[in-house]
Amino acid sequence: MEVIEPRLDTIPHLVMRNAERFPDRPAYREKEFGIWQEWTWKEALEEITALANGYLALGLGEGDRVAVVGRNRPSLYWAMIAAQMVGAIPVPLYQDAVGEEMAYVLEHSEARFLVAGDQEQVDKVLEVQDRLPALERMIYVDPRGLRKYDHSRLHAYADVQAEGRAAHERFETELAERMARQGYDTTCVILYTSGTTGRPKGVVLSNRNIIEATKLSVAFDGLTEKEEILAYLPLAWVGDFIFSMGQATWTGFCVNCPENASTMQTDMREIGPSYFFAPPRVFENMLTNVMIRMEDAGALKRRMFHRFLDHAKKVGSRILDGRPVSALDRLKYALGNILVYGPLKDALGLGRIRVAYTAGEAIGPEIFEFYRSIGINLKQLYGQTEASVYITLQPDGEVYPDTVGVPPEGVEIRIDEKGEVHYRSPGVFVEYFKNPEATASTKDAEGWVASGDAGFFDAATGHLKIIDRAKDVGKMADGSLFAPKYIENKLKFYPSILEAVVFGNGREYATAFINIDLNAVGNWAERNNIAYTSYQELAAHPEVYAMIEKHIEEVNRSLAEDEKLSSSQIRRFLVLHKELDADDGELTRTRKVRRRIVEQKYADLIEALYGGKDRVSTETEVTYEDGRKGVIRATLEIRDVRTFPPAKSTKEAA
Amino acid sequence: MTSEAITHGGAMNPEGDGWVTPDGRHIGPVVLEVKNITLRFGGVTAIKDISFDIREGEIRAIIGPNGAGKSSMLNVISGFYHPQEGEIWFRGQKRPPMKPFQVARQGIARTFQNIALFKGMSVLDNIMTGRITLMRSTMAEEALWWGRAEREELAHREAVEKIIDFLEIQHIRRTPVSRLPYGLQKRVELARALAAEPKLLLLDEPMAGMNVEEKEDMSRFILDVNDEFGTTIVLIEHDMGVVMDLSDRVVVMDYGKKIGDGPPDEVRNDPQVIAAYLGVSHE
């Protein structure tokens with residue numbers, strides 16, 4: 001058994017340690033009223049303790065679940081830590097979940113208390129409260145609009161804290177005793193996975209899981225109390241929990257919360273984080289925005305921009321990896337850094353980045369290389385909620401766009417005969433909450449977890465490569481490999497394509513649904529004097545179709561070069577009339593395509609793709625933001641795309 | 001006329017003058033009353049002998065077909081038009097003819113049907129202009145930005161930031177207004193009107209040209225303003241659904257005349273109102 005240092009085995013203990021060791025270092029910042037408000041570790045501990053005492057005054061018991069929902073704010077992080085202080089278990093929820101989804105998690109977790117960010121979240125819960133007999137009290141942070149609500153079970157966050165402060169002496173012993181009873185083997189948090197299939201499952205993670213995973217990741221990248229991070233990803237997502245709760249309290253670095261979701265980019269520029277995580281989508285969007293803005297720049301600037309970016313593409317990553325580069329190229333790169341890369345990184349808020357990670361989905365190699373080439377140490381990691389994030393990470397200097405790295409110290413990996421990745425680590429979850437069958441089918445007696453992902457270790461680099469979800473990998477009718485996500489990722493690299501869903505398992509040829517990116521395509525339409533009134537109209541525009549067709553053709557050409565994949569070239573496609581949306585269940589809350597649901601919902605369209613028609617009429621149910629339903633009708637064009645003969649004869653074809 | 005206590009359908013306000021709405025808002029005594037207003041432009045009579053009152057804390061809607069004289073009525077209240085006949089009583093006193101800026105100083109702010117913002121200025125600066133009636137420092141002080149001017153600007157900026165937070169427009173704080181979509185420009189206009197800390201807020205078709213989602217947002221903001229700051233609101237609106245949901249009492253105008261006045265449910269069923277809006281069925 002390892003020796004556990006006293007008082008470092010729960011997050012509240014870590015906060016207390018920080019309040020002693022770095023009393024005056026900033027612990028949390030939040031932008032409000034246009035100004036960054038700051039709390040030091042000492043102040044944060046005071047706020048958390050006040051809330052914890054307030055919980056006690058309201059009768060929160062040990063082991064009770066406390067649901068937390070809202071945008072990233074210090075007060076909600078404190079709500080979780082305060083819950084841990086009194087021996088309760090925080091259950092963060094996805095703030096953009098509709099009432100129904102939220103009801104399921106609240107019902108399943110039997111949360112007794114709920115801490116909500118604002119009126120919107122309170123309303124959502126009130127709507128479904130009949131199904132939540134266990135829910136006793138709701139605490140809200142932002143009182144706006146809530147003053148006239150029935151306050152018999154509803155409390156203002158500040159009032160609960162005030163009560164806690166007043167009762168501070170009364171509860172002193174009890175709080176200390178409760179904290180002492182928590183340790184490495186008690187539950188730290190229950191995180192509900194958004195899951196691409198079925199109902200969300202509550203992943204129970206112990207303090208050991210979270211703190212050990214934190215320790216190994218902190219050691220891997222040498223994180224210190226001097227890091228600055230931006231907390232903008234959902235509280236309910238394990239990554240945010242590890243970064244903003246685990247790593248922040250372990251190292252003592254500062255968690256910065258943006259003013260709201262739409263100001264994230266501006267706030268990021270002001271903070272200049274040194275350690276940053278974003279799903280590929282965010283990096284894609286950032287790049288798309290830069291490229292769109294550059295199109296509007298003057299000719300001279302545009303030429304300079306492209307010229308130096310070309311140079312960066314040539315030598316940037318090599319310089320970052322510390323490999324040999326000629327003196328002249330280095331000089332040119334240094335000049336580029338002054339003229340282009342530096343200002344660009346500043347504009348993106350990435351000027352001070354030491355380590356940046358992306359994960360969740362494969363990132364387009366060109367996008368990945370772009371960030372690395374301008375000197376941002378962007379790396380990939382592979383993780384799951386069940387592993388407390390970390391399964392593999394890319395070490396500095398060994399970064400390849402198509403691998404996810406190596407297991408850090410303490411993580412073991414094996415690939416089973418079907419190609420599925422299994423792992424074992426100190427971060428491996430305790431169980432699925434109230435779901436022993438699912439626990440048993442995922443985790444075996446020795447602690448090995450089946451990841452559900454198909455992958456293999458790359459012979460040349462020794463790094464893990466993930467191909468797709470194990471259950472999504474299939475075969476074309478001719479028996480060749482069909483890995484839809486691989487093709488989708490290639491398509492999604494084009495800024496005009498937001499989302500793609502490729503079909504072909506067991507079929508003779510592959511087909512695709514395309515979602516256009518309204519931002520990029522809208523801008524393009526404006527530039528080319530293409531008038532449109534709605535998303536639907538723009539999506540159906542012949543010129544847009546022509547552009548998408550060209551992109552798919554290019555993807556087909558690159559697929560043709562790969563012997564194994566040349567038969568999954570896309571032969572027919574259509575552009576969807578609506579954006580795939582998490583509110584309609586088509587995406588998960590972390591914005592991954594739910595393939596099965598899309599297949600079911602658009603069965604008529606898929607049939608048309610494999611039929612001979614070049615037009616199809618359809619009706620689609622949509623859910624508005626307030627939960628009401630509506631129907632969109634549309635007639636969609638189906639187009640054939642040129643395909644290319646496999647590898648050998650590519651040259652003649654092109 | 002029957003007494004107010006019967007027509008509004010709510011309980012009597014314990015303080016006597018006014019009542020409590022079913023959703024728990026207090027409607028107070030009359031703040032502004034227009035009496036027998038007639039407004040002519042040359043030979044055209046835009047408003048004919050209209051009287052109604054506005055009570056403290058209520059949301060008062062003015063509805064009517066196009067050209068009914070709704071905007072003219074708002075312009076009379078805001079001091080932009082001077083009626084040929086009739087009186088305006090504000091807080092128990094008869095109001096002498098006033099210029100719009102004098103009316104603004106009395107605590108009456110407005111938004112316009114066709115957005116009237118400074119297009120080239122940022123959202124923040126536009127909203128700051130709403131505080132002008134509250135600024136005391138002289139031009140010389142402003143130029144030097146010293147002492148009182150600096151203190152004042154800081155205080156005003158804080159007030160403006162609270163409004164920006166309230167209306168959830170933080171992300172466009174520094175954006176020039178001309179680059180914003182229509183729905184957001186409308187919201188900025190509301191923000192500027194709020195910046196004047198009005199007692200009475202006049203909204204001229206705040207939801208015109210918006211889609212369903214934008215309308216819902218705007219409705220929520222109007223209710224929140226009324227709820228949070230206790231601002232009395234007069235609004236002109238075409239969308240009957242919105243009017244019915246938002247307002248406490250409705251004035252109906254047609255061809256410059258008042259053809260109805262009362263709580264939304266009552267007005268909706270008034271045959272005269274139905275005739276003006278939907279036409280009369282001949283059976």
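Just the heavy atoms: all of them, side chains too, but no hydrogens, waters or symmetry mates, feed the values below. As the structure is a prediction and not an experimental result, all values here were calculated from the model.
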A.B. asks: Does the distance from a Lys or Arg side-chain N to an Asp or Glu carboxylate O, for B:Arg268 and B:Asp265, drop under 4.0 Å?
C.D. replies: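 The answer is yes: the pair qualifies as a salt bridge.
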
A.B. asks: Does any heavy atom of chain A fall under 4.5 Å from the side chain of B:Asp227, the backbone, both, or neither of them?
C.D. replies: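 Contact with chain A involves both backbone and side-chain atoms of B:Asp227.
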
A.B. asks: Chain B heavy atoms under 4.5 Å from A:Arg147: which part of the residue, side chain, backbone, both or neither?
C.D. replies: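 Contact with chain B: side chain only.
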
A.B. asks: Could you check which of A:Thr266, A:Ile35, A:Asn260 has the highest count of heavy-atom pairs closer than 4.5 Å to chain B?
C.D. replies: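 Top option by heavy-atom pairs under 4.5 Å: A:Asn260.
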
A.B. asks: Answer yes or no on whether B:Arg110 is positioned over the face of B:Phe112, meaning its NZ or CZ is under 6.0 Å from the six-membered ring centre and within 45° of the axis.
C.D. replies: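 Judged by the rule, B:Arg110 and B:Phe112 form a cation-pi pair.
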
A.B. asks: Between B:Ile164 and B:Arg173, is a side-chain contact (heavy atoms from CB on, under 4.5 Å) present by the stated rule, with each step listed?
C.D. replies: CA-CA 8 Å; B:Ile164 288 177; B:Arg173 200 183 267 130; 3.9 Å; yes

A.B. asks: Under 4.5 Å heavy-atom distance to chain A, tell me which part of B:Val212 shows up: side chain, backbone, both or neither.
C.D. replies: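 Only the side chain of B:Val212 comes within 4.5 Å of chain A.
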
A.B. asks: Any ion pair linking A:Arg527 and A:Asp296 (charged N to carboxylate O, less than 4.0 Å)?
C.D. replies: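 Yes.
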
A.B. asks: Do the charged groups of A:Asp346 and A:Arg269 touch, with an N to O distance under 4.0 Å?
C.D. replies: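 No, A:Asp346 and A:Arg269 are not salt-bridged.
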
A.B. asks: What I want to check is whether the side chains of A:Asn515 and A:Glu579 have a donor and an acceptor closer together than 3.5 Å.
C.D. replies: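 There is no such pair (donor and acceptor under 3.5 Å, judged by atom type) between the side chains of A:Asn515 and A:Glu579.
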
A.B. asks: Tell me, side chain or backbone of B:Glu168 under 4.5 Å from chain A's heavy atoms, or both, or neither?
C.D. replies: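 For B:Glu168, the contact with chain A is made by the side chain alone.
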
A.B. asks: So which part of B:Glu213 gets closer than 4.5 Å to some heavy atom of chain A, the side chain, the backbone, both or neither?
C.D. replies: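 Just its side chain gets close to chain A.
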
A.B. asks: Among B:Arg220, B:Glu161, B:Glu216, which residue forms the greatest number of heavy-atom pairs with chain A at distances under 4.5 Å?
C.D. replies: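 If we count pairs closer than 4.5 Å to chain A, B:Glu161 comes out on top.
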
A.B. asks: Under 4.5 Å from any heavy atom of chain A, what part of B:Arg174 do you find: side chain, backbone, both or neither?
C.D. replies: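 For B:Arg174, there is no contact with chain A at all, as no heavy atom is under 4.5 Å.
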
